[in-house]
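Working notes, beginning with the structure itself.
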Amino acid sequence: MKRRSNSLKFHHIWKRKLFAMLLCFSCFTIFLLVESHYSPIQMLTFVSPPTIAKPKIACLFIARNRIPLDMVWDAFFRVVWGEASMIQAERILLQNALMHPLNERFIFLSDSCIPLYNFSYVYDYIMSTNTSFVDSFADTKEGRYNPKMDPVIPVDNWRKGSQWVVLTRKHVETIVQDDSVFPMFQWHCKKRSLPEFWREIALPADASKEHNCIPDEHYVQTLLAQKGLEGEITRRSLTHSSWDLSSSKDPERRGWHPLTYKLADSSPMLIQSIKDIDNIYYETEYRREWCTSKGKPSKCFLFARKFTRPAALRLLNTSVLGISSEATSRA
């Protein structure tokens, strides 16, 4: 009964959770999982983007909690990584989430994220401050800024950071209403073609037409800087990713993507090592961010990625995450 009463306590505050979205050339598919504490049934609804004139097809999946063949549908819809379609999808999700008047914080989580603490701790941590949590720093090394964005987006406002942000309602409204920065990403961020020897289509003669900005790592950060709102953000992410892969002997674990934790990696020691992190160093700004909550030193991360399903189930069974393991009986 106690567990149920705690669940009901927060029911009206975090009633809706956004989980997944699929986007394709002529088909927008958005999943809004409305999770009720009174019923295990979850509903999926479609939201049509108001700014797109071309007719769209709504693909509605009815599922209890996940889509087992998601890898097939992912290939079918082809959300393009490295182009503005990703941030367009994020904007549509945020627009839909704004419809519920009690939604005051908005969290982007991937399908491989896990919580490091129980719901009450996470809720209190996030709601104890009126700032957004946005990993944001000056991008001075990788040359992702396209000079053609100037003067709409001057290089001094170009920022980089993790897309796994926690946003206040004010900042979400800023993103949804943006009609100046987002078009710059649409026009000037194009995924750069790779020179594979089997390519059937020739590379463009003008390479400047392909500028790989990686919008999902820049858009929110740059927009908030552009709007003069950086003073209203805590400049760090609450989601941990392991990018230090230089010592890995597994070639699949080296590259541009963070480490994926598999079953063998999943242990209480791993989780504790992530929980123990209390500061983050930003090399490009020579800045060390000491993590705080309620004005006191605290741990930095509430979530972590990327975990496989077997790894997550193993952690759930050990109770190291501080949450119920009842879900394992339904897995």
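Heavy atoms from other residues, nucleotides or ligands lying under 6.0 Å from OH of Y281 number more than 12.
Using the six-membered ring where Trp is involved, F182 and Y219 have ring planes that are perpendicular, over 60° apart on the 30 and 60° scheme.
The list of salt bridge (charged side-chain N to carboxylate O under 4.0 Å, His left out) pairs with a residue in residues 219-228, not counting sequence neighbours, is empty.
Between F106 and L93 there is no side-chain heavy-atom pair separated by less than 4.5 Å.
At least one cation-pi condition fails for K299 and Y117: the charged atom is not both under 6.0 angstrom from the six-membered ring centre and inside a 45 degree cone around its axis.
Side-chain polar atoms of S266 and R314 form no donor-acceptor pair below 3.5 angstrom. For the residue pair Q163 and E90, a side-chain donor N or O sits within less than 3.5 Å of a side-chain acceptor on the partner. Of the N and O atoms on the side chains of Y125 and S298, at least one donor lies less than 3.5 Å from an acceptor on the other residue. Using modelled atom types and a 3.5 Å distance limit, the side chains of H218 and R159 yield no donor-acceptor pair.
In summary, the aromatic rings of F108 and W164 are positioned with their centroids too far apart to meet the 6.0 Å limit.
Remark: C113 engages no residue in a disulfide bond (SG atoms under 2.5 Å apart) (not counting sequence neighbours).
Electrostatic pairing of D124 and K294 counts as a salt bridge here, judged by a charged N lying under 4.0 Å from a carboxylate O.
W290 and I277 are not part of a single hydrophobic cluster, where members link through side-chain heavy atoms under 4.5 Å apart.
Between the side chain of R169 and the backbone N or O of L98, at least one donor-acceptor pair lies under 3.5 Å. With hydrogens and angles disregarded, no donor-acceptor distance shorter than 3.5 Å links the side chain of N146 to the backbone of M149.
Of the options E232, R235, H171, a side-chain hydrogen bond (donor to acceptor under 3.5 Å, both in side chains) to S132 is made by H171 and by none of the others.
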